[in-house]
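Each chain gets a letter, A, B and so on, in the order the sequences are listed, and its residues count up from 1.
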Amino acid sequence: MTHAIGGSQPVTAAQASPDSRAFEAFFGENEPKLRRALVAAYGFEEGRDATAEAFAWAWEHWERLRDVANAPGYLFRVAQSRRRRRRLPVLRDVPGWAEHRFEPGLPGALAALSPRQRLAVVLVHGYGCTLREVSELTGIKQTTVQNHAERGLARLRARLGADDEN
Amino acid sequence: MRTDLNEQIRELIDGGAHPVSLADVTGRPPVTRLRPATALVRRHPRRAAAVAASAAAVGVAAAITVTLLGGPAGREQTAREPSGHAGTVLTAAMVRQVAAASGIALAHSGHMRITYSNVSSLAPDSRGAGTDDITFSGRDWNYSSDQTAPPNGTSVNRFVGGRLYYYGPGFVRHAGDPLSWFRETNPAEVRAVTSVTAPDPRELLRVLDPAARFVRVGYQVVGGIRVEQLRATRLGHLPGLDALPGEAAPIGRVTSLDVWVDSHGIIRQLHLTSQQNVTTSSRKKYLVKENGTVKEKLGPPGPVRHGVERASATVSFLDIGQPQTITTPAHAIPVYGRG
């Protein structure tokens, strides 16, 4: 089963010019993708902050960014450069976890993966991204993404004690 | 366990980080500190005027009220001495002299303590606060982070002798394990981490830019040392603040910046405040039964709430001129590529 990570998000800002409309469209198309990738890599808070910072940068430099061939991938690098300068536990302490439907051990199991493994597992297996999509977004070679996804999923399953296929 | 692990992953990721709103993005101030790889950027004629016009037209960034927060935490309050220079603007040469003297004082080693806090008017009970303590000596550094609100314990990153070490509640192999020092053995991870997790106090000195038009405020005593308070009056462009780590970094727009320098022109303390507009809207989740299976649905969007988030940080430069010692943790457990 595949799930588009792009998705559409409602945007509410006033639509006043071609530039702002183009940015809105770009934002709506790519915010989910970038946020999910950065959250996977760096954790909820830091990943979301990095996403916001990256798009703020995109808004400021829109005249330059709009013509970049791989703008989402470029923004991913922007976000990486802006990520918080500390290492904190990732994917832990989510408010209202009890309301969600996942194994209690899943956050810890994902957190135990390396950042690249976590990124690959979340995007490839969680959101059904192709290896090419992940490669373009993150700048990691497709074969490396595949290795990280496979090894990460194996580690994840091992930690969760999962024996099912999906 | 549940069979669809992929779905659970999506639940976790989407449930843990809410979408960033367009208003958050366009309402932020310029993020000029970012310097992504220029090789990826094609050169195009500048259309600054067009973009500026569109930015003004979008208009989602509401006007930000400049609000000065309270005085810096931990500052010793003393009666100000009369100063014949109060209110006068420092010349560019004076500011550069302070920057140079401070740079020399921190050339080889230093100790910086940062206390920070932030609170949103939409959630005044969920205040964030903590203290970061950073020492460096040559290439070695120690970065201790103590988040007090919400309590998250103390975590330490230490780089000494070319090796990277971790310590703290976030760095355990299994939940409930006693705290231990870990040594990173993945060279790539060491490079990645040390490139972004080594706040250099000297980078902060870049805020001592004549363009900020510092004015004299008066004299005080900080840490037992008589210092002069200088206040930046042009806050639009303050380089160096990106050297502040994590929660101590300014949010949105900087609303005040004060520095205190001693009689040698060496910076002893820095205090900044910032704020940004925030907007929230919640959607409740509920369970519905469809075709015999229980599914989760999102309810209608709740009312949009607007508020202001304010942050402040005080940076104290300690042990000026004194050597710092960063020791190698004993009995560190080697780990490879742990994220």
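For the pair A:R35 and B:V20, the tightest heavy-atom approach, listed with the atom from each and the gap, is NE-N, 4.1 Å.
With sequence neighbours excluded, the residues forming a side-chain hydrogen bond (donor to acceptor under 3.5 Å, both in side chains) with B:R202 are B:D200, listed by chain and number.
Only the side chain of A:L153 has a heavy atom closer than 4.5 Å to any heavy atom of chain B.
Put simply, the side chain of A:V39 does not reach to within 4.5 Å of the side chain of B:D14, judged on heavy atoms. Counting heavy atoms from C-beta outward, B:L12 and A:V122 have side chains that stay 4.5 Å or more apart.
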Please walk me through it: do A:L156 and B:I9 pass side chain to side chain contact (heavy atoms under 4.5 Å, CB included)? CA-CA 11 Å; A:L156 192 65; B:I9 291 173; 4.1 Å; yes
Yes or no on side chain to side chain contact (heavy atoms under 4.5 Å, CB included) for A:Y127 and B:I13, after CA distance, side-chain angles and deciding distance? CA-CA 10 Å; A:Y127 291 96; B:I13 299 299; 3.4 Å; yes
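At least one donor-acceptor pair closer than 3.5 Å links the side chain of A:R48 to the backbone N or O of B:P19.
Counted within 6.0 Å of CZ on A:R151, heavy atoms from surrounding residues, nucleotides or ligands total 12 or fewer; the atom is thus considered open.
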